[in-house]
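Every number for a ligand or one of its atoms is a count from 1 in the order of the listing. Side chains are part of it too, since the values below use all heavy atoms of this structure and drop only hydrogens, waters and symmetry mates.
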Amino acid sequence: MSFKLTDKVTWVGKIDWELRTFHGEEYSTDRGSSYNSYLIRDKKTVLIDTVWIPFAEEFVENLKKEIDLNEIDYIIAQHSEVDHSGALPLLMKEIPNTPIYCTANGAKILKGHYHEDWNFVEVKTGDTLDIGESTLTFVEARMLHWPDSMMTYMSGDNILFSNDAFGQHLASEQMFNDLVDQAELYQESIKYYANILTPFSPLVTKKIEEVLSFNLPLNMIATSHGIIWRDNPVQAVENYLKWANDYQENQITIVYDTMWNGTRRMAEAIAEGIKSVDKDVVVKLYNAAKTDKNDIITELFKSKAFLFGSATVNKSIMHATSGILEMIRGIGFKKKKAAAFGAYGWSGENVAILEEKLKAAKIEIVQDGLKVLWNPDEDAMEACREFGKSFVEKL
Ligand code: FEO
């Protein structure tokens, strides 16, 4: 499969309909993904990025149907992660001397991955490559999201090849933002940002401001995953600026795990308490053991505050809740508020451990946690409602 973005630019990537996890098991990809590679035919011919290793053979075979590989003058490797560089070893067997344009870090990491001394041409922000009627300008995007990441701007067609930025894990044969289901597109875009880019939010803002300062016309953003933004592509940029600025909606999320439903009943009573005080706030409850972890992270990203609950087990907390808290610590959410709760039977370490983990994630705890012995009776349920009320009042 291939299709044209413009007269000069052809998509030659791979749609991966089967993909269900990414980065090992760290990221769920319920709607699949794509590895977008682009062929530019101007006076010179340029290939931007390749595809993930399992599709290397298919990629090279398809590329041969599109062009005589020897006609490729330059390869641009915007990012060395294997989902984009995976087909390079096979491709370079066919055209071993073709220059590969990448950042200095890109060259180092590609050598680290593949142990090949290809013809690397290292580029920096502002370096250009004249390919005929168009010029390609490189923009380093260090730590967005790897040290080697970069983007490429093509004049004339006014396309920003953004690599991972502005992408989503979304398989669709429609491939353009104006053609796909808008709710799916938004959900996959925000999930991608929340889970992958939140740690780098200050850099996102800085990089976008830098690119905007060039005042370049923008007709399309050609990502490396999912759909291409051609209808009002600036909306993708505006979303990133919004999300990078400690994004919050009027939402409180309650994440818990429960052994015999005591902590679940507490969670529901706390939610009732919150709603009795604030009718407008959106309250969502997730059992961490039964819900996709990346979907929970997306909901926490949207929240102004959250509550974590767990029963005590083996003097500790239940593993699913612990896993989410560890993810939060790594992601580094800012300006979120929280509290902890849970049922217990005898030793009751749960709330103290939840609070310790929230503090380790630098989340502000706005009130002392609530523990209930065994299954909550009506007095305990009322205490949970009061806990929810005082929590929302302290935000
Ligand atoms: Fe899509 Fe960072 O690789």
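With sequence neighbours excluded, the residues that form a salt bridge (charged side-chain N to carboxylate O under 4.0 Å, His left out) with Arg41 are Glu66.
Remark: Glu382 engages Arg385 in a salt bridge, criterion side-chain N to carboxylate O under 4.0 Å. With respect to Glu210 and Lys206, no salt bridge is recorded, no charged nitrogen being found less than 4.0 Å from a carboxylate O.
For atom 2 (Fe) of ligand 1, the neighbouring protein N/O/S atoms at less than 2.8 Å, given as residue and atom, are His79 NE2, Glu81 OE1, His145 NE2, Asp164 OD2.
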Run the side-chain donor-acceptor check on residues 162-169: report pairs under 3.5 Å with partners two or more places apart or on a different chain.
| from | atom 1 | to | atom 2 | distance (Å) |
| --- | --- | --- | --- | --- |
| Ser162 | OG | Ala165 | O | 2.8 |
| Asn163 | ND2 | Asp49 | OD2 | 3.1 |
| Asp164 | OD1 | His84 | NE2 | 3.0 |
| Asp164 | OD1 | Tyr192 | OH | 3.4 |
| Asp164 | OD1 | Ser224 | OG | 3.2 |
| Asp164 | OD1 | His225 | NE2 | 3.2 |
| Asp164 | OD2 | His79 | NE2 | 3.1 |
| Asp164 | OD2 | His145 | NE2 | 2.9 |
| Gln168 | OE1 | Ile227 | N | 3.0 |
| Gln168 | NE2 | Phe166 | O | 3.3 |
| His169 | ND1 | Ser33 | OG | 2.7 |

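Each of Leu325 and Leu307 belongs to its own hydrophobic cluster when Ile, Leu, Val, Met, Phe, Trp and Tyr are linked at side-chain heavy-atom distances under 4.5 angstrom.
Applying the salt bridge (charged side-chain N to carboxylate O under 4.0 Å, His left out) test to pairs two or more places apart or on separate chains, those with a residue in residues 326-342 are Asp246-Lys335, Glu326-Arg329.
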